[in-house]
Student: 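Could you have a look at this structure, given as structure tokens, before my questions?
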Amino acid sequence: MEIDLPDVLAEVTAQFSRYEKALVSNDVAVLDELFRNDSRTLRYGVGENLYGYEEIMAFRAARSPIGLGRRTDRTVITTYGRDTAVASTLFYRDALPGKVGRQMQTWARFPEGWRVVAAHVSIINDPQGQAT
């Protein structure tokens, strides 16, 4: 298996950037598009465990658009072959001083394009006190 094929890495990086832009601007249509429409798709959030695309969509539709801005740091995207990738990033929000968020997404290529099939988001005390 080839890791980090340049063309595949560029594709996933572009989709990750689309996701990040949609997240901070609360573009629910793009967020819904980028998650795989499947009952096996899951998202473990800061305060919720979402099983299946329908639960993820309902969460996005109900979430407040206030306070979604954030800064990312130490983003690592790794591709495995031509059809699988993992994107990991730290994030910081002004409203959460001394905290660091962690986000991991598993992306898979489908006929309709790259989609998130599993995601995990958590917030912890910043162990290094280095909120950027």
Side-chain angles (χ1 to χ4, degrees):
M1 174 181 299
E2 294 185 80
I3 296 175
D4 287 342
L5 291 164
D7 60 322
V8 179
L9 186 58
E11 290 173 10
V12 177
T13 299
Q15 292 307 311
F16 178 83
S17 295
R18 263 185 90 210
Y19 178 87
E20 185 63 26
K21 181 179 177 185
L23 181 68
V24 299
S25 65
N26 201 39
D27 188 337
V28 175
V30 171
L31 294 171
D32 288 347
E33 172 195 332
L34 292 176
F35 270 75
R36 172 79 170 156
N37 186 350
D38 191 287
S39 62
R40 295 164 290 195
T41 299
L42 63 92
R43 179 185 177 278
Y44 294 149
V46 173
E48 65 285 333
N49 298 316
L50 306 172
Y51 289 85
Y53 182 75
E54 297 300 322
E55 287 185 16
I56 296 167
M57 276 184 46
F59 167 78
R60 296 256 187 244
R63 184 175 63 173
S64 169
I66 306 299
L68 297 177
R70 66 188 198 168
R71 296 175 309 284
T72 59
D73 190 33
R74 302 194 70 181
T75 301
V76 176
I77 299 172
T78 306
T79 64
Y80 301 92
R82 302 201 70 78
D83 299 319
T84 307
V86 175
S88 306
T89 196
L90 300 178
F91 64 89
Y92 300 90
R93 290 201 161 112
D94 291 340
L96 298 171
K99 302 284 187 180
V100 59
R102 304 170 304 172
Q103 173 184 295
M104 291 188 78
Q105 300 168 327
T106 302
W107 291 78
R109 183 197 305 268
F110 293 93
E112 63 272 21
W114 285 98
R115 298 294 183 263
V116 175
V117 295
H120 185 121
V121 180
S122 59
I123 297 174
I124 62 171
N125 290 330
D126 187 353
Q128 297 159 28
Q130 296 177 347
T132 59

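If you read the sequence from its start, that first residue is 1, and numbering goes on from there.
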Student: Treat each ILVMFWY residue as a node, draw an edge where side-chain heavy atoms are under 4.5 Å apart, and state whether L23 and L42 are in one component.
Tutor: no

Student: Show your working on side-chain contact (heavy atoms from CB on, under 4.5 Å) between R71 and D94 and close with a plain yes or no.
Tutor: CA-CA 9 Å; R71 296 175 309 284; D94 291 340; 2.7 Å; yes

Student: Which heavy-atom pair separates R93 from G67 by the least distance, and what is that distance?
Tutor: NE-O, 3.4 Å

Student: Please check if the number of heavy atoms outside E112 that lie under 6.0 Å from its CD is greater than 12.
Tutor: yes

Student: Using the side-chain contact (heavy atoms from CB on, under 4.5 Å) definition, which of the options V28, D27, D32 pairs with V30?
Tutor: D27

Student: Can you tell me how far NZ of K99 sits from CG of N125, rounded to the nearest 0.5 angstrom?
Tutor: 4.0 Å

Student: Would you call R63 and L68 a side-chain contact if the rule is heavy atoms closer than 4.5 Å?
Tutor: yes

Student: Taking the side chain as every heavy atom from C-beta outward, state whether R109 and V12 have any pair of such atoms under 4.5 Å apart.
Tutor: no

Student: Between Y53 and D38, is the side-chain contact (heavy atoms from CB on, under 4.5 Å) condition met? List the steps.
Tutor: CA-CA 5 Å; Y53 182 75; D38 191 287; 5.7 Å; no

Student: Which class fits the ring pair Y19 and F35: parallel under 30°, tilted 30 to 60°, perpendicular over 60°?
Tutor: tilted

Student: Side chain to side chain donor-acceptor pair (under 3.5 Å) between W107 and Q15: does it pass, once the steps are laid out?
Tutor: CA-CA 9 Å; W107 291 78; Q15 292 307 311; over 6 Å; no

Student: Spell out, yes or no, whether I3 and V86 are grouped together once hydrophobic residues are joined by side-chain heavy atoms under 4.5 Å, including indirect joins.
Tutor: yes

Student: Rounded to the nearest 0.5 Å, what separation is found between the CD1 atom of I66 and the CG atom of N26?
Tutor: 9.0 Å

Student: Can you list the residues that meet the ring-ring contact (aromatic ring centres under 6.0 Å, His included) rule with Y80, with sequence neighbours excluded?
Tutor: none

Student: In terms of side-chain geometry, is the basic nitrogen of E20 or R70 positioned less than 4.0 Å from the acidic oxygen of its partner?
Tutor: yes

Student: In terms of hydrophobic clustering (I, L, V, M, F, W, Y; side-chain heavy atoms under 4.5 Å; direct or indirect links), are L34 and L9 co-clustered?
Tutor: yes

Student: I'd like to check R102 versus V121 (side-chain heavy atoms, cut-off strictly below 4.5 Å). Are they in contact?
Tutor: no

Student: Check the pair T72 / Q103 against side-chain contact (heavy atoms from CB on, under 4.5 Å), numbers first and verdict last.
Tutor: CA-CA 10 Å; T72 59; Q103 173 184 295; over 6 Å; no

Student: Which heavy atom in T79 sits nearest to a heavy atom in A85, and how many Å separate them?
Tutor: CG2-CB, 3.9 Å

Student: Say you draw a straight line from CE of M57 to CZ of R60; how long is it, rounded to the nearest 0.5 Å?
Tutor: 11.0 Å

Student: Does any non-hydrogen side-chain atom of R43 lie less than 4.5 Å from one of Q105?
Tutor: no

Student: Quick one: do V117 and F110 satisfy side-chain contact (heavy atoms from CB on, under 4.5 Å)? Show the steps, please.
Tutor: CA-CA 11 Å; V117 295; F110 293 93; 3.8 Å; yes

Student: So, T41 side chain and R36 main chain: donor-acceptor pair closer than 3.5 Å or not?
Tutor: yes

Student: Minimum heavy-atom separation for E11 to W114, with atom names?
Tutor: OE1-NE1, 3.0 Å

Student: Indicate if L31 and F59 have the same hydrophobic cluster label, given that clusters are the connected sets of ILVMFWY residues with side-chain heavy-atom separations under 4.5 angstrom.
Tutor: yes

Student: Just wondering, do Y92 and V100 contact through their side chains at under 4.5 Å, heavy atoms?
Tutor: yes

Student: In Å and rounded to the nearest 0.5 Å, what is the CD1 to CG distance from I56 to N37?
Tutor: 9.5 Å

Student: Can you name the side-chain contact (heavy atoms from CB on, under 4.5 Å) partners of D7, sequence neighbours left out?
Tutor: L5, R82

Student: Do L90 and F16 sit in one hydrophobic cluster, given that two such residues count as connected whenever their side-chain heavy atoms are within less than 4.5 Å of each other, even indirectly?
Tutor: no

